[in-house]
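The model shown is predicted, which means the values in this text are computed figures rather than measured ones. Residue numbering restarts at 1 for every chain, and letters A, B, ... go by the order of the sequence lines.
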Amino acid sequence: MNVLWILLLPMLGIMAPLITARMGRTACAWATAIAPFAALVILLRQTPKIFAGEVDTWWQEWIPSLGLNLSLHLDGLAYLFALLILGIGLLVILYARYYLSERDSMPQFYASLIFFMTAMLGVVLSNNLIQLWLFWELTSISSFLLISYWSYRSDARKGARMALAVTGAGGLALLAALLLIGHVAGTYELREVLAMGDTLRFSDYYPIILVLFLLGTFTKSAQFPFHFWLPHAMAAPTPVSSYLHSATMVKAGVFLMARFYPVLADTDFWFIAVSLTGMATLLVGAYTALFKHDLKGLLAYSTISHLGLITLLLGLGSDLAAVAAVFHIINHAVFKASLFMAAGIIDHESGTRDMRKLNGLWNYMPITATLAMVAAASMAGVPLLNGFLSKEMMFAETLRQDTLGALSWWIPLLATIGGALAVAYSLRFMHDVFFNGEPIDLPKTPHEPPRYMRVPVEVLVVLCLLVGIFPQFMVGDLLNAASGAVLQRPVPEFSLSIWHGFNVPLAMSAAAVTCGALIYINRRHLFQFQGQFRELDAKLIFEGAVQQLVQRMTAVHEWIENGSLQRAMFLMLLLALAMMASPLFSMLAVEGLRPQIPTNWVVTFCTGLLIVSTILTVWWSHRRLRALLALSVVGLIVSIAFAYFSAPDLALTQLSVEVVTILLFLLALFFLPQHSPALDSSLRVIVRDLGVATLFGSVVGTICYAMLTRPLTSISDFFLANSKTGGGGTNVVNVILVDFRGFDTLGEITVLGIAALGIYKLLARIALAMPSADSNGIPWSKERRSVLLALVSQSLLPLALLVSMYIFLRGHNMPGGGFIAGLITAIALIQQYVAHGVEWMKERMPINYQALIASGLCIAILSGVGSWFFGHNFLKTWYDYFYLPGVGKFELASAMVFDLGVYLTVIGATLLILANLGKMTTSERLRAGDQ
Amino acid sequence: MTHLPILPVLVPLVTGALMLIPPFNEVNNRQRALGTLASLIMLAVAALLVITVDRDGTLLYAVGEWQPPFGILLVVDRLSAILLLLTSVLVLAVQLYASGGDDAEGRFFQPLLMFQAMGIQGAFLTGDIFNLFVFFEVLLIASYGLVIHGGGKQKTAANLHYVILNLAGSALFLIGLGILYGTFGTLNMADMARVASSIEGGDLTLAKAGALLLVIVFGLKSAMLPLHFWLPKTYAASPAAVAALFAIMTKVGIYSLWRVHGAIFGEQAGGLANVALPWLWPLAWLTLLMGIIAVLASQTLRSLAANLVIISVGSLLLMVAMPSEQTTSAGLYYLLHSTLATALVFLLAGMIVAQRGKAEDRFVAARAVSQPLLLGSLFFVAALALIGMPPLSGFIGKALMMKAALQQGEAGWIWPPLLLASLAALLVLSRAGSTLFWRVRDGKPGTAQAHPLQLVGVGVLLLALVLMVVGAGWLTDYTAAAAQGLYQGIDTRVLPTGGAS
Amino acid sequence: MLDQVLLGVAVLVGLALVLNAWRLIIGPTVTDRILALDTMYINCIALIILLGIYFDTSLFFEAALLIAMLGFVGTAALSKYLLRGDIIE
Amino acid sequence: MEFSFAIAVGFLTAAGVFLMLRGQTFPVILGLTLLSYATNLFLFASGRLVINGAAILGSSENYTDPLPQALVLTAIVIGFAMTAFVIILAIRARTDLGNDQVDGRESALDISAEYKSRKERRES
Amino acid sequence: MIKRLFPMPIHTLILLLVWLFLNDFSVGHLILGFIISVGICLIAAPLMDEHPTVKRPLLALRYALMVLLDIIKSNFEVAVRVLSPNASLRPGMVALPLDLEGEFPLAVLASTISLTPGTVSVDFSEDMKWLYVHVLHIDTEEAVIHLIKQRYEQPLKEIFAC
Amino acid sequence: MSLVEWIASFLLVMGGVFVLIGAVGMVKLPDVYTRLHAPTKATTLGIGCILIASMCLHAVRGEGFAIQELVISLFLFITAPVSAYMIAKAALHRRVPMRDGTVNMALAEQARERQSPTAVPGSATQQPSE
Ligand code: NA
Ligand code: NA
């Protein structure tokens with residue numbers, strides 16, 4: 001339970017700086033420190049239990065199907081890291097209070113910092129693989145916020161992005177690795193997984209797991225060749241650097257390697273991959289550090305180098321090496337944090353970090369100089385300081401491995417060279433900054449920092465000394481506990497003392513110090529040599545690579561998506577063709593066994609006519625009015641076909657829709673260009689399209705024929721049987737429409753209504769280009785109203801309305817119904833618009849068509865909802881027969897009400913569409929016509 | 001309560017109709033309040049349905065009380081219930097956002113929104129394949145109207161492509177339905193699932209052709225490669241609120257694939273079993289790949305978000321292409337997440353465009369937004385969700401899908417694109433965010449402020465995303481049960497024994 | 001007998017349809033084509049009535065009635081288009 | 001008869017598909033219309049062809065399948081709504097984009113023709 | 001009141017008659033047809049312009065029958081013309097001076113002309129004083145004008161009493 | 001066959017023939033103005049015959065006295081002249097040429113402009129100059 005609070009308190013603490021934002025900087029810092037401090041107290045109270053080897057856990061089910069639970073544990077390793085995170089974190093909070101200037105947003109900084117701290121604590125305390133990953137990603141995200149804190153600076157933005165990209169990519173690999181581990185282990189609980197080392201190591205997945213896992217950890221811990229992001233993360237404020245690059249962020253990768261040491265290490269693959277990478281990083285980092293003129297740059301590469309060292313130790317695979325690794329994690333965190341803070345003080349008080357300008361600061365800030373030099377000496381591995389101890393252990397361990405066989409001696413040699421380089425750059429840090437003459441062109445006159453800004457450095461440097469001098473007392477138990485957690489077995493004997501006698505590691509240390517000093521003294525030659533090579537800026541390369549990637553992808557994308565509808569349509573139809581045709585190849589006979597209807601002359605005429613008019617529609621598609629006429633013939637024949645094949649309702653619907661469509665087409669013709677080229681594409685494209693079209697048509701025709709000639713057993717007998725008895729109508733099609741499947745019809749009229757609204761929207765604020773002459777250049781006739789047309793249309797109106805009523809009323813029993821009747825009424829009214837014009841109609845028939853649509857819909861819905869009050873489902877219909885003397889028997893049905901809704905909606909929608917288009921043009925025409 | 005299943009269709013329909021007649025026919029606070037009320041009712045209904053279905057099992061509602069398969073049957077199982085909930089959350093968010101002023105940029109926004117909701121919810125509800133077509137058309141025609149809201153060349157051009165492609169799609173849908181009715185003789189999906197295994201001979205061939213045609217139709221809706229061309233343009237051109245609502249449009253296609261190709265042409269379908277898979281697999285994979293390419297090529301926030309939709313579609317299609325309870329469950333969770341997250345980004349993009357002057361949402365240095373901290377934080381959160389980074393629900397969905405793929409033994413094919421997609425999103429979104437909010441050209445920021453209602457709309461989505469994380473345990477159990485229910489099919493006791501077919 | 005007569009008359013009407021279609025194709029002016037289309041509408045009425053007689057049903061009556069009404073609307077609109085361009089002004 | 005019907009459907013489909021692939025709005029809409037005729041006939045065909053069997057009870061002995069008819073009716077109405085929308089959209093596009101190309105930009109052929117004419121004008 | 005309920009009594013009557021034609025002559029349909037006819041006239045009334053009404057219905061009936069016979073007769077004539085060689089045709093335009101006044105009577109005249117022997121009304125002059133007629137075969141122009149004026153215009157003048 | 005059926009058959013054949021003659025006229029006649037005559041008359045009458053035949057047959061076949069078909073004829077008789085009128089107007093408007101040798105061809109232009117004829121009709125000046 002305590003472990004939960006260690007995580008929860010900082011998590012809640014994120015709010016503290018935000019709440020106290022207005023209370024002043026000191027208050028904000030204090031408030032921020034409360035939660036981590038409390039967590040630290042809780043952590044420290046666990047010390048005896050941890051040192052006794054107990055593990056505190058907390059578990060809460062969260063997402064069982066994912067294997068993700070809220071699961072925390074506090075063992076030695078977690079304790080060590082939590083201690084570093086909270087302890088150094090508190091020092092950084094104090095330090096940042098003085099480091100940040102007035103114009104920096106303190107709450108934002110502290111909130112991000114605590115967010116990061118929480119994430120880091122989550123990583124080390126997680127006892128669930130996926131939860132661990134969750135916090136791992138949160139460290140990437142929160143570090144992004146910290147690095148980009150000065151977001152107005154380009155280098156901060158780019159550095160942050162690069163860090164996020166690299167660690168984010170690694171994070172994804174890690175997710176894959178963790179999922180695989182969980183899959184192989186059968187559990188995602190870390191402590192259970194840790195007990196399954198052999199299962200994992202002998203699994204087929206092991207190599208891929210290891211590769212993915214190492215990708216995750218190496219990127220996070222800035223191992224070669226993924227180290228390039230780290231120096232650019234130095235664009236962050238120095239408190240951030242001192243936190244991220246000493247105790248936390250970059251240590252997360254190392255932590256993870258240590259954490260999974262029991263299950264993934266102890267194979268040759270592990271040894272080769274981890275130790276060699278570590279060695280390479282150690283050397284590359286140390287060597288590069290030597291040439292950095294920027295203080296923080298030097299420290300950054302030194303960090304890389306030390307991370308390489310820890311990785312190397314973990315890679316060696318021996319238990320003592322692991323102990324050394326853990327020890328060095330502690331030591332590095334302590335001295336590197338203090339060094340960054342010192343560098344920050346120097347920067348803060350002198351205005352630069354350039355070592356070429358910084359000289360002789362000893363005279364200006366002696367205390368800071370002393371502190372920094374002690375820490376740097378620890379970094380160099382000078383005896384009596386903590387760095388010395390872990391380095392000696394490392395040298396000792398490099399001598400013990402033999403996996404490389406006869407070439408195994410390379411490893412200690414290279415390690416010594418690394419040590420020498422470390423001495424060299426540490427010397428440079430000390431000598432170049434604090435001695436080496438007088439400062440050059442400093443923006444400010446340097447002086448000691450505010451008192452409390454130095455306190456964190458002092459604390460850390462004292463720790464360096466104490467650990468260096470009294471190692472066993474200071475960290476013996478801690479190291480034991482942490483190493484035990486890493487190894488998951490009893491820790492081997494190790495001795496933490498300053499003096500082990502004259503031995504090879506001591507000789508190696510001596511050699512390193514000597515060589516280091518020599519290298520530093522002769523640095524001019526080395527600088528000259530290095531000067532030949534162009535310095536590569538990883539940021540530029542990375543940005544360039546990303547831009548290259550974006551450009552390439554943009555090119556590919558534009559090549560694929562050229563914005564052409566024709567291509568999209570072609571691909572869609574081609575795919576449809578392929579998918580539709582693919583099963584047909586396995587069809588044995590197209591023709592089925594259903595008896596066919598004998599054909600006759602008239603049908604042949606009509607089929608021929610249909611085909612000819614279809615072809616004409618295509619042929620004339622650029623002679624637009626002609627195409628429309630041909631299309632009308634097609635529609636006419638389709639209607640006749642419906643009538644012929646026993647579908648009178650369809651014939652009626654098709655006919656009336658046809659006419660309205662033609663009216664719409666005519667409107668379109670008027671506003672669209674009158675001419676278009678006969679060949680709108682190249683001949684190749686046309687032939688290609690013709691080919692696809694022909695194939696498509698033949699496939700659809702084939703399927704149609706195959707279907708027509710096969711018998712069908714369908715659910716329709718039910719409709720025929722129940723239409724009269726259940727729906728009260730003899731026109732089964734209509735009963736299906738208003739009753740059996742009335743819901744479809746409701747949707748259908750809604751579609752019609754919405755279409756009308758959409759069209760109304762389309763016509764809003766449209767500036768229509770009206771041609772003043774037809775396609776032959778003949779100006780339009782000046783006669784607005786033809787007498788004969790107007791009169792006859794007028795006299796036909798009542799007749800047409802009567803017909804529509806006739807068709808509406810008998811629809812339930814005979815061909816007809818609300819939809820057709822509605823269209824007839826609409827057409828009759830449109831005919832008035834055509835004959836008399838919009839103005840005339842508007843004066844005499846001020847109907848709000850959209851209200852008509854709405855009322856139609858509402859009536860249809862009400863007829864359905866009405867059945868609720870009789871305890872029935874929506875659209876349950878009712879009908880009955882009544883008898884009136886003199887009139888006889890007649891039927892009343894609720895379906896008629898529904899049909900009335902359909903009727904009104906259709907009228908409203910059709911007229912809204914057509915009359916509004918007319919209305920738009922009228923005003924235009926009045927202006928254009930007067931000229 | 002017995003009429004609960006039909007309310008998701010009726011409430012928006014009635015509201016939409018009311019918004020055409022006085023006193024609600026003007027764009028004013030009265031109309032907006034009505035819209036909010038309707039959205040809240042829909043949300044309540046959907047929540048109630050989810051609870052009821054989770055407790056009592058599938059709800060069936062025979063419209064007109066005609067016994068299935070003859071009448072139209074509404075089916076509320078766990079799958080449709082949760083999608084209804086998703087829709088209503090989205091509609092509420094969009095309605096609130098648009099009520100902040102965007103709805104006044106043209107006519108009929110609120111009624112069209114309601115009709116669109118009706119179409120989407122109807123498509124999720126119906127258990128009848130032709131009725132599905134009808135609701136597809138309802139949601140499409142409403143979306144045609146919504147895309148052009150506010151007017152402008154870009155919208156018109158995008159809408160033209162969108163409309164024409166979808167009209168062709170509708171034609172293919174009808175041909176497919178024709179073939180299916182011509183071979184199955186029934187339209188009720190549960191009944192079709194029952195009949196499917198008995199189809200053989202020439203009918204089998206025809207039915208396959210029909211089933212495959214429907215893949216095209218649903219693929220077009222869901223923006224499967226190479227049917228995705230309409231999507232980036234349309235989403236990027238649409239007004240923010242509409243684009244946000246559209247986040248669910250592709251999901252309707254995915255849902256239909258599950259319903260039709262998972263349940264009707266699934267494992268039990270005899271000769272028709274899994275007929276779509278050989279096509280779906282490569283196309284889904286390529287869709288994901290295309291999404292990655294497109295995301296990397298994105299130049300504006302809205303097109304980026306649109307291309308992220310393609311990635312999510314690709315991922316989901318891969319889940320569809322490996323039908324199993326795990327993949328479906330994982331896909332369903334991811335579907336909920338990706339819909340909400342994309343919608344969030346589109347809404348944000350709307351506010352950013354409004355504040356950023358002529359540069360709109362292009363990734364170039366421009367004047368600062370007037371509310372950098374607010375929009376920046378929101379963007380940051382939304383970006384995390386989209387990339388699939390914790391703490392928002394994206395990572396859960398991604399991990400679930402990866403796990404499901406691993407269980408199917410397909411991790412080698414599916415993990416790399418899934419992970420690459422996240423990486424691409426990470427690269428581009430971090431670039432996008434730092435450019436939009438940090439690369440500020442000198443000069444005074446604008447004065448445009450986000451309307452409080454817009455923020456409430458965004459808040460609704462954020463809250464939903466957070467709830468998806470907090471309640472992930474319950475939700476994943478639910479999605480697992482939903483997936484199980486999908487493949488079990490509807491209880492055939494409601495179908496007539498023997499029947500006409 | 002009546003059936004043969006009907007078939008014969010239907011063939012006559014069909015032939016008329018084809019001739020009208022021919023006029024529709026060759027034009028030469030668009031007014032010719034509109035006239036041809038108008039006539040085809042009327043021919044179709046004949047065809048449908050014949051169908052009604054042949055199948056001995058009155059179910060086709062509405063279709064014929066509608067063609068009579070709608071053919072006129074179409075022709076009027078087409079002519080108006082030629083005259084004024086804008087059919088609803 | 002079935003054969004004629006299938007041929008007609010095939011022709012309508014082919015013509016529709018071909019026109020759908022054109023680059024101007026008007027032919028595309030024509031194509032959509034033809035295609036919707038084809039699909040309506042196809043959907044209708046799913047109930048098989050029957051003559052003299054209209055689904056009006058009491059009008060004949062063998063009734064045709066009424067269900068596809070109802071479906072086609074719905075499809076016709078929806079198709080009508082869609083056609084209406086797309087026609088007006090084409091008008092809107094022409095107004096907004098200045099031409100009637102589906103992509104809103106002049107086709108390659110137009111551009112080359114314009115280029116040629118401009119060149120000729122320069123030369124003369 | 002009655003005027004408001006039956007704005008177009010003749011139309012109402014015709015509609016009722018047509019309704020009965022369409023359905024059957026029964027009491028039920030008489031009532032239903034009456035309601036519908038009245039309703040339609042109420043809706044359509046605002047869309048109808050005022051026209052001179054038929055003053056002599058019997059004469060109108062006779063006129064209708066005469067036209068019907070003329071139509072039949074004209075058809076045989078036209079059939080002959082159609083089937084004889086084109087060279088023997090002598091088509092032409094005729095401008096018909098009008099005595100008749102009022103749009104409605106003129107419309108009836110024009111329609112009649114179009115339906116009857118070898119003539120099609122083409123257009124009115126703007127002042128409605130002339131009707132242009134296309135004639136399939138002209139022997140003499142005067143004969144055409146005389147025939148139309150005597151046979152059709154005169155009775156119409158009487159019918160509409162103008 | 002009953003008497004009614006004989007009559008009906010006769011009417012049907014008449015109708016068919018007239019419809020065909022109308023179509024033949026459509027193809028054969030020389031210009032659009034002359035072609036107008038064919039459908040407005042021949043076809044209308046043809047339909048009329050067929051409709052009457054239909055009425056007769058329905059009456060005999062026991063469906064009662066159904067004179068619905070009269071309504072179709074009513075529509076046709078009202079609309080056919082207007083269709084012809086509109087088409088003729090359109091043809092004039094587009095200056096569709098009349099056949100050479102058309103009497104009073106000059107009147108076409110005046111009809112197009114809807115003016116009164118410039119000279120008294122029937123005078124020699126109106127004769128076409130052949
Ligand atoms: Na120096
Ligand atoms: Na107009």
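Using a 4.5 Å cut-off between heavy atoms, D/D65 touches chain B through its side chain atoms alone. Heavy atoms closer than 4.5 Å to chain B are found in the side chain of D/V28, but not in its backbone.
Residue B/A171 comes nearest to D/L35 through the heavy atom pair CB-CD2, 3.7 Å, listed as atom of the first residue, atom of the second, then distance. Taking every heavy atom of both residues into account, B/G178 and D/S46 meet most closely at O-CB, 3.0 Å. Annotation for B/I175 and D/F42: closest pair O-CE2, 3.4 Å, computed over non-hydrogen atoms. Residues B/F133 and D/I78 come closest through the heavy atom pair CE2-CD1, 4.0 Å.
Scanning residues 6-22 of chain D against chain B with a 4.5 Å non-hydrogen threshold yields D/M20, sorted by number. Within residues 109-119 of chain B, no residue has any heavy atom less than 4.5 Å from a heavy atom of chain D. Taking 4.5 Å as the heavy-atom cut-off, none of the residues of residues 200-228 of chain B approach chain D. The stretch residues 143-153 of chain B places B/Y144, B/G145, B/G152, B/K153 near chain D, each with some heavy atom under 4.5 Å from a heavy atom of that chain.
In this structure, D/T25 OG1 and B/L160 CG are separated by 7.0 Å, a value rounded to the nearest 0.5 Å. Here B/K155 contributes atom NZ and D/D96 contributes atom CG; the two are 11.0 Å apart, rounded to the nearest 0.5 Å. Going from atom CD of B/E137 over to atom OG1 of D/T74 covers 11.0 Å, rounded to the nearest 0.5 Å.
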Test log, rule side-chain contact (heavy atoms from CB on, under 4.5 Å), inputs D/L89 and B/Y162: CA-CA 11 Å; D/L89 180 60; B/Y162 175 60; over 6 Å; no
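The most heavy-atom pairs under 4.5 Å with chain D, out of B/I141, B/V163, B/L140, B/L167, come from B/L167.
D/L43 has its side chain within reach of B/F130: a pair of non-hydrogen atoms, C-beta onward, lies under 4.5 Å apart.
With respect to D/L71, the side-chain contact (heavy atoms from CB on, under 4.5 Å) criterion is satisfied by exactly one of B/L174, B/V134, B/L177, B/L187: B/L187.
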